[in-house]
Amino acid sequence: RSSDWVKAQYLSESNNFINVKFTQYGAIANTLANFTNNSSALKNDLVGYYKFDEGYGSTTYNSGSTQSSNNAIITGATWSLNGKYDKCLSFSGGTNVVTVQNAHNSIKSISFWINPNSITESILELNGTSYVTINSGTITTTGITSPTIYVNKIQSSQLLAGIWQHVIITSNTAINGSSILFGRANGTSLNGLLDDIKIYSDVLSVTEVTQDFNQKSSMSFGGISDTSNLTGGDVASRSASATYCVPGASDTCTAPLAH
């Protein structure tokens, strides 16, 4: 009897992801990976969280600790199914903007996923004098004291056009977000996509930056490039299934019926 494959994604407040291979009689074979991306420490200071997953209407809801008092109103931007995770908002310049209804005070970290159309764009504004833009491929902050910038969890300020990238900006000096705008800064609106914006009232550590980057990411056994047990024509014919292989296993690694 051949092995049965199950790829399980368990999403909860602690964001636990489990990929399991079950063999005949249901025994766990070779490796059970339990990747725990614990966000509880992050959530304590997560005052604003805008998932952009509604997909309809002109309001995007705050899942952070300040809840509905800080929902945001969408003007001009449209819903897209091409989000980094699920849906997102698409901005096409002009006066496109998302306006947070009330202030977020004492902001020390902000994170977001962005897919800009070009390497010179406006991203967001925390108040009339504190904002974030992209200038010739470099993330530029104005009115933020001694910022530390991370792109895809690495300390960097360089962004590319046309792909999703994760950005975190931290500062030890708190900023009062008295007039927060997403997709618009210094009078100019973004051309591109935004997803999963988070506002924190504390400075994220390097470990927390990695945790934030990994939110909603699952762990898979092996990978498309893991062809250590594939030879000859198998490399081409089975490489698409290699993502489901237990590293070091020598069986067939057939993709699951459901994912």
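Contact annotation: the side chain of Asp53 never approaches that of Tyr85 to less than 4.5 Å [non-hydrogen atoms, C-beta and beyond]. The closest side-chain heavy-atom distance from Ile134 to Ile114 is below 4.5 Å. Considering only heavy atoms from C-beta on, Ser122 stays 4.5 Å or farther from Arg184 through its side chain. Looking only at side-chain heavy atoms (C-beta outward), Asn70 and Ile180 stay at 4.5 Å or farther from each other. For the pair Tyr49/Asp196, a side-chain contact is recorded, criterion being any heavy-atom separation below 4.5 Å from C-beta on. Thr148 is not listed as a side-chain neighbour of Val203, based on a closest heavy-atom distance of 4.5 Å or more. Inter-residue side-chain proximity for Gln165 and Pro116 is flagged as met; some heavy-atom pair is nearer than 4.5 Å. Two residues are said to be in side-chain contact when any heavy atoms from C-beta on lie closer than 4.5 Å; Thr170 and Tyr200 fail this criterion.
Pairs engaging residues 123-166 under the ring-ring contact (aromatic ring centres under 6.0 Å, His included) rule: Trp113-His166, His166-Phe213 [sequence neighbours left out]. Annotation: side chain to side chain donor-acceptor pair (under 3.5 Å) contacts involving residues 132-147, sequence neighbours excluded, comprise Thr138-Gln158.
The distance from atom CZ of Phe91 to atom OG1 of Thr78, rounded to the nearest 0.5 Å, is 9.0 Å. Remark: Ser130 OG to Asn176 CG distance equals 9.0 Å, nearest 0.5 Å. Distance OG/Ser80 to CG/Leu194: 11.5 Å, rounded to 0.5 Å. Atom CG of Asn127 and atom OG of Ser178 lie 4.5 Å apart (nearest 0.5 Å). Residue Ile149 holds its CD1 atom at 8.0 Å from CD1 of Ile144, rounded to the nearest 0.5 Å. Put simply, CG on Asp86 and CD on Glu54 are 10.0 Å apart, with the number rounded to the nearest 0.5 Å.
No donor-acceptor pair closer than 3.5 Å links the side chain of Asp202 to the backbone N or O of Asp45.
A continuous path of ILVMFWY side-chain contacts below 4.5 Å connects Ile175 to Ile110, so both sit in one hydrophobic cluster. Clustering ILVMFWY residues whenever any of their side-chain heavy atoms sit less than 4.5 angstrom apart, transitively, puts Val98 in a cluster other than the one holding Ile73. No continuous path of ILVMFWY side-chain contacts below 4.5 Å connects Leu181 to Ile123, so the two sit in separate hydrophobic clusters. Leu159 and Phe112 fall within a single hydrophobic cluster, where Ile, Leu, Val, Met, Phe, Trp and Tyr side chains are chained together by heavy-atom contacts under 4.5 Å. Put simply, Val151 and Ile169 are part of the same group of oily side chains (I, L, V, M, F, W, Y) that touch within less than 4.5 Å, one to the next.
Annotation for Leu81: hydrophobic cluster partners, listed by chain and number, are none (ILVMFWY side-chain heavy atoms under 4.5 Å, direct or chained). Other residues sharing a hydrophobic cluster with Leu160 under the 4.5 Å side-chain heavy-atom criterion for ILVMFWY residues are Ile163.
Listed by chain and number, the residues in a side-chain contact (heavy atoms from CB on, under 4.5 Å) with Ser205 are Thr207, Glu208 (sequence neighbours excluded). Applying the side-chain contact (heavy atoms from CB on, under 4.5 Å) criterion to Asn71, with sequence neighbours excluded, gives Thr59, Tyr61, Asn62, Ser68, Gln101.
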Legend entry - Worked check of side-chain contact (heavy atoms from CB on, under 4.5 Å) between Tyr50 and Val100: CA-CA 10 Å; Tyr50 302 87; Val100 176; 3.5 Å; yes

Inset, instruction - Determine, stepwise, if the pair Thr66 / His104 fulfils side-chain contact (heavy atoms from CB on, under 4.5 Å). - result: CA-CA 8 Å; Thr66 57; His104 281 298; 3.1 Å; yes

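Considering every non-hydrogen atom in both Ser189 and Gly94, the closest pair reads OG-O, 3.3 Å. The two residues Ser179 and Gly128 make their nearest non-hydrogen contact at OG-N, 3.7 Å.
In summary, the side chains of Asn186 and Thr188 do not present any donor paired with an acceptor at a separation below 3.5 Å, with no hydrogens or angles considered.
Between Asp212 and Lys198 there is a salt bridge, since at least one side-chain N of the basic residue sits less than 4.0 Å from a carboxylate O of the acidic one.
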